[in-house]
Amino acid sequence: MAYAPKTIEPKWQSFWEKNQTFRTEPPSSKKPKYYILDMFPYPSSSGLHVGHPEGYTATDILARYKRARGFNVLHPMGWDAFGLPAEQYALQTGVHPAVTTSKAIETFKRQLSSLGFSYDSNHEISTCDPQYYRWTQFLFLKLFERGLAYQKEVPVNWCPALKTVLANEEVVDGKSERGGHPVFRMPMKQWMLKITDYAERLLQDLDRLDWPESTKELQRNWIGKSEGLECRFQLDGGSGEIEIFTTRPDTIFGATYLVLAPEHPLVGAITSAQQQAAIADYQKQASQKSELARQDQSKQKTGAFTGAYALNPFNQQKLPIWISDYVMMGYGTGAIMAVPAHDQRDYDFAQAYQLPIKTVVKPADHAPSEGCFAGEGVSVDSDFISGMPTTQAITAVIQRAEKEGFGRRKVQYKLRDWLFSRQRYWGEPFPILHDDSGASIPVAYEQLPVTLPDVQSYEPSGTGESPLAAITEWIQAPGGLKRETDTMPGSAGSSWYFLRYIDPRNSGAPFSAEAEKYWMPVDLYLGGPEHAVGHLLYARFWTKVLFDCGLVTHDEPFQKLVHQGMILGEDGEKMSKSRGNVINPDSVVEQYGADTLRLYEMFMGPLDRDKPWDTKAIEGVFRFAQRAFRLVTELPDAEASDADLKVLHKMIKKVTEDIEGLRFNTAISAMMVFVNHFTKNEKRPRALMLPFVQCLQPFAPHLAEELWEFLGQTQLSRTPWPVFDAALAKDDHLTIAIQVMGKTRGTVEVEPGASQDAVHKAALEIPTVQNQLAGKTIKKVIFVPNRILNLVVG
RNA sequence: GCCUGGGUGGCGAAAUUGGUAGACGCACAGGACUUAAAAUCCUGGGUUCCGCAAGGGACGUACCGGUUCGAUUCCGGUCCUAGGCACCA
């Protein structure tokens, strides 16, 4: 009998399907829960990529293992189904995005089921299903009610080629992430979510999470908290004032001019008559500049003088006010005090326009500094803070400003509100109506969902409005109200899908309180690092809002997060069609079977590392599967020797611990050692094959089921995990290294716990050790029981 | 420029609180089986030097230095590489 994955695999897949083997028990279950989640895929029409099965196999191994350990496991799969590609395709072909999407979902389902993942299809969801987005709209209304969703005229990333507005994350180097079209800044009325209200909590609560440190750091940087002084400068001669923000208040005596963002609301009012033309010219130029052009000139500072002056509140010094696009309206107050001696950007600007540079901080080590010194040191020429080290000077300046009433301590975040509307068809409609004045009126909860109308044309209007704006009968709502025509971004549905998975067919609420209490938070969330700030931050934000609404009992959704590495092409480069190094999982399954693909992807290396694909190396894993098959089905039975038992228990121990630690590559190598041991003996004790097959089950479930059946057993997937005997998993004799001066010169076989004397005596028998000791005296002996003996000689 | 990872044989990698570096797999070489090949099984191997051999010596985890009886592991510095952020005051 030969190993035939092509017959085995479909057989067990339909067996599981028929028996509902992986059905998740309801929250009333007495078992402890384990919620293991994959980042759900966008069902692209090109189907599964080999990167998908990497993460999905890892979570499937854990899900199968946890079931065997007595947990009620929720391990669902679903579809992040709204998105631009289906709409782009519709534009070209006229095929409705819903059709394209459901076709793609079918392909994904077929591919995933061919890999033997233990999903419970009763928990499947799709974000474009009205019974799903009904609740996305419901949750949006909750945000709206709390004042966390608002409309605002904001400069947005307008992409003329795509005829839509893009989020900052969708713009890379001034071009659209998709298509690489140029993107421009343009003011438009947009829906925004007030994620900035949650900046501090989103930052603080990171400390509680079992997440990769790198991802937490990325989020911290993204939130970008900094503390400093917000300070008002009176206008010279006129009335009014300009507020600036600085993290270096200690340098305020070195300020030689102020800079406002070109869009700053005060620019028009303060500009002197003779500067009007120059300023207007510069403002126009700045607004028309695309992001790309702005970055191209990042070195070359430009600006214009307003003709106005402000007074430094600390010494009444008169400072010219300039505008420049190196100051952004979106951060701080949109205005800065420029200290060219101690800030590189201010320095560059001062150089370009011959503005004065005044040094007020000296490096502590008095190192001669050329140009601009941005580090900390000691204040000089700075009135009451002269002689103070930087940290002390900062505090002193803030205190004085607060006492005098022209400034205050201020915490700033780089995080900005979340641009939440898209001028597209294929997304969730906003459950919002507008009256003639433009005011927003929420659609009543019982009227949800607001479904997408069927349209003939997906062409955006090009004026910035969504294609929905052309469907006049849809727009009209009772009472003379008009529907909002923007739709939500793709990240809306993915910000809470993990909550719908727990209770996916609930028609009275997004999820029941009982289900939430039982299942949340997610115990392990696995997905690519590319979502480190976008999706993972948004999902945390929504969860915190729902927590504040009393809808959930945990304010962090994902207790533990792990990123899988990227699977690279055989050339070590990222897989891409243009490079021609893409591997199709279907063809691997066709050639070797799903179990081999699963084993191979787990054996390649550590889960969280990038790994190049190696078609040759799959052979090795395939050979292992064949050997395992032959071992159980062909080798003659035998009595288990002590050595056999040790090999078994060591293997169970290693596999168990490695699954817990997500070290699947070394778990597989432990099973290889086991198989090699018996293959070499040319016989295998039948009784020891049972726990081996149980260990194999999470990794190669079809093969394991087949072997289990061969051994006369049933229901492998419901069999408890094998336990190892700690005593048997230990060696009964050890090899101790004998070192002279820290270099290994030989080894000694001893029983565990052998005494120093015994080891020392045996060590002196070794010729190479004797050679090394010849003519020398032992000055010191280091003995680590069961490890090493080190002789230090003089 | 800033923040994170990573750098170990020909290749993917292992070594879980400092204790025999290279488990397991690929590729390779030799052998068994075979008329032959494939498949399978067994054996070998970091580099280098001495030796016919058994064996022994030196070097070796990106590079330089430090701590230690002992460092892939800890500390300081440098280089390379991948990813992220980037005029954020």
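Chain letters run A, B, ... following the sequence lines, proteins first, then strands; residues in each count from 1. As the structure is a prediction and not an experimental result, all values here were calculated from the model.
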Asks: Is the shortest side-chain N/O distance from A:Lys611 to OP1 or OP2 of B:G12 below 4.0 Å?
Replies: no
Asks: Say we look at B:U4 and B:U78: how far apart would their P atoms be, to the nearest angstrom?
Replies: 15 Å
Asks: How do A:Lys574 and A:Asn221 order along RNA chain B: which one's closest nucleotide is nearer the 5' end?
Replies: A:Asn221
Asks: Determine whether the side chains of A:Tyr413 and A:Thr196 contain a donor N or O and an acceptor N or O closer than 3.5 Å.
Replies: no
Asks: With both distances under 3.5 angstrom, what nucleotide forms a Watson-Crick or G-U wobble pair with B:G55?
Replies: B:C50
Asks: Tell me whether the side-chain N/O atoms of A:Lys780 come closer than 4.0 Å to OP1 or OP2 in B:G70.
Replies: no
Asks: Assign A:Gln772 to base, sugar-phosphate, or nothing according to its heavy-atom contacts below 4.0 angstrom with the strands shown.
Replies: sugar-phosphate
Asks: Take atom C1' in B:A27 and the same atom in B:A13, then report the distance between them in whole Å.
Replies: 14 Å
Asks: Base, sugar-phosphate alone, or nothing: which one does A:Thr735 contact when heavy atoms must sit under 4.0 Å apart?
Replies: base
Asks: Under a 3.5 Å limit for both distances, which nucleotide forms a Watson-Crick or G-U wobble pair with B:G70, could you say?
Replies: none
Asks: If the cut-off is 4.0 Å, is A:Gln219 near the phosphate of B:G84, judged by side-chain N/O to OP1 or OP2?
Replies: no
Asks: Would you say A:Gln412's side chain and A:Ser226's backbone share a donor-acceptor pair under 3.5 angstrom?
Replies: no
Asks: Take the protein atom CG of A:Asn790 and the nucleotide atom C1' of B:G70, then report the distance between them rounded to whole Å.
Replies: 6 Å
Asks: Could you tell me how far B:U17 sits from B:G6 if I compare only their P atoms? Round to whole Å.
Replies: 15 Å
Asks: Whole-Å distance between B:U20 P and A:Gln739 CD?
Replies: 7 Å
Asks: Counting only side-chain heavy atoms from C-beta out, which of B:A14, B:A89, B:G12 sits nearest to A:Ile336?
Replies: B:A89
Asks: Syn or anti for B:G9? Use the chi torsion, O4'-C1'-N9-C4 for purines and O4'-C1'-N1-C2 for pyrimidines, with syn inside 90° of 0.
Replies: syn
Asks: Give one of base, sugar-phosphate or nothing for A:Val784, where a contact means two heavy atoms less than 4.0 Å apart.
Replies: base
Asks: So does A:Asp731 pair up with A:Lys650, basic N to acidic O under 4.0 Å?
Replies: yes
Asks: Kindly say whether, by distance alone, the side chain of A:Arg627 makes a donor-acceptor pair under 3.5 Å with the base of B:U40?
Replies: no
Asks: Classify the nucleic acid contact of A:Ile782 as base, sugar-phosphate or nothing, counting any heavy atom under 4.0 Å across all strands shown.
Replies: base
Asks: Are there over 12 heavy-atom neighbours, none belonging to A:Arg579, within less than 6.0 Å of that residue's CZ?
Replies: yes
Asks: In whole angstrom, give the distance that lies between atom CG of A:Asp614 and atom P of B:G10.
Replies: 17 Å
Asks: When you look at CD of A:Glu682, are more than 12 heavy atoms from neighbouring residues, nucleotides or ligands closer to it than 6.0 Å?
Replies: no
Asks: My understanding is that a pair needs two contacts under 3.5 Å, Watson-Crick or G-U wobble. By that rule, which nucleotide pairs with B:U40?
Replies: B:A32
Asks: What about A:Lys779: does its side chain form a donor-acceptor pair under 3.5 Å with the base of B:C69?
Replies: no
Asks: For the pair made of CZ in A:Phe678 and C1' in B:C41, what is the distance, rounded to whole Å?
Replies: 18 Å
Asks: Would you mind telling me which of B:A14, B:A89, B:A82 lies closest to the side-chain atoms of A:Tyr331?
Replies: B:A89
Asks: Could you check whether A:Tyr326 and A:Asp346, counting side-chain N and O atoms only, form a donor-acceptor pair closer than 3.5 Å?
Replies: yes
Asks: Taking a pair as Watson-Crick or G-U wobble with both distances under 3.5 Å, which nucleotide is matched to B:G22?
Replies: none
Asks: Nearest-Å distance, CD1 (A:Ile668) to C1' (B:A13)?
Replies: 13 Å
Asks: I'd like the P distance from B:G18 over to B:U8, given in whole Å.
Replies: 23 Å
Asks: If I pick the P atom on B:C74 and the same atom on B:G19, what distance separates them, to the nearest angstrom?
Replies: 11 Å
Asks: Could you say whether A:Leu218 or A:Gly332 is positioned toward the 5' end of RNA chain B, judged by the nucleotide with the nearest heavy atom to each?
Replies: A:Leu218
Asks: Could you work out the separation of B:U68 and B:U73 based on their C1' atoms and round it to a whole Å?
Replies: 13 Å
Asks: Give one of base, sugar-phosphate or nothing for A:Asp608, where a contact means two heavy atoms less than 4.0 Å apart.
Replies: nothing
Asks: Just to be sure I understand the rule, does A:Lys680 reach a base, reach only the sugar-phosphate, or reach nothing, if contact means heavy atoms closer than 4.0 Å?
Replies: sugar-phosphate
Asks: Of all the choices, B:C24, B:C69, B:U16, which nucleotide is nearest to the side chain of A:Lys654 once you look at every atom?
Replies: B:U16
Asks: State plainly whether the residues A:Lys616 and A:Glu619 are in salt-bridge range, i.e. N to O under 4.0 Å.
Replies: no
Asks: Check whether any side-chain heavy atom of A:Phe664 lies under 4.5 Å from a side-chain heavy atom of A:Ile659, and answer yes or no.
Replies: yes
Asks: For a quick test of reading the model: is some side-chain N or O of A:Ser669 closer than 4.0 Å to OP1 or OP2 of B:A13?
Replies: no
Asks: If the cut-off is 4.0 Å, is A:Asn665 near the phosphate of B:G12, judged by side-chain N/O to OP1 or OP2?
Replies: no
Asks: If pairing requires Watson-Crick or G-U wobble contacts with both distances under 3.5 Å, which nucleotide is the partner of B:A27?
Replies: none
Asks: With the threshold set at 4.0 Å, does a side-chain nitrogen-carboxylate oxygen contact exist between A:Glu634 and A:Arg684?
Replies: no
Asks: B:C26 phosphate, OP1 or OP2: any side-chain N/O from A:Arg623 under 4.0 angstrom?
Replies: yes
Asks: Hey, does A:Thr747 reach any base, or is it just sugar-phosphate, or nothing, if we go heavy atoms under 4.0 Å?
Replies: base
Asks: On a whole-Å scale, what distance lies between the C1' atoms belonging to B:C33 and B:U40?
Replies: 9 Å
Asks: Closest approach to the side chain of A:Val792, judged atom by atom: which nucleotide of B:C69, B:U4, B:G56 is it?
Replies: B:C69
Asks: Answer yes when A:Glu657 and A:Arg663 have at least one side-chain N-carboxylate O distance shorter than 4.0 Å, and no when they do not.
Replies: no
Asks: For a quick check of understanding: with a heavy-atom distance under 4.0 Å over all strands, which category does A:Pro606 fall into, base, sugar-phosphate or nothing?
Replies: sugar-phosphate
Asks: Rounding to an integer number of angstrom, what distance separates B:G56 and B:A62 when you compare their P atoms?
Replies: 28 Å
Asks: Using OP1 and OP2 only, check whether a side-chain N or O of A:Arg745 sits under 4.0 Å from B:G56.
Replies: no
Asks: Taking pairing as Watson-Crick or G-U wobble with both contacts under 3.5 Å, can you name the mate of B:G5, or confirm there isn't one?
Replies: B:U81
Asks: Which part of the nucleic acid does A:Asn786 contact within heavy-atom distance under 4.0 Å: base, sugar-phosphate only, or nothing?
Replies: nothing
Asks: So does A:Arg630 get a side-chain nitrogen or oxygen closer than 4.0 Å to the phosphate oxygens (OP1/OP2) of B:C41?
Replies: yes
Asks: What is the distance, to the nearest angstrom, from the CE atom on A:Met566 to the P atom on B:U81?
Replies: 17 Å
Asks: CZ of A:Arg220 versus P of B:U4: gap in Å, rounded?
Replies: 10 Å
Asks: Can you tell me the base-pairing partner of B:U61? Count Watson-Crick or G-U wobble geometry only, both distances below 3.5 Å, and say none if there is no partner.
Replies: none
Asks: In this structure, how many angstroms lie between the P atom of B:C33 and the CD atom of A:Glu682, rounded?
Replies: 14 Å
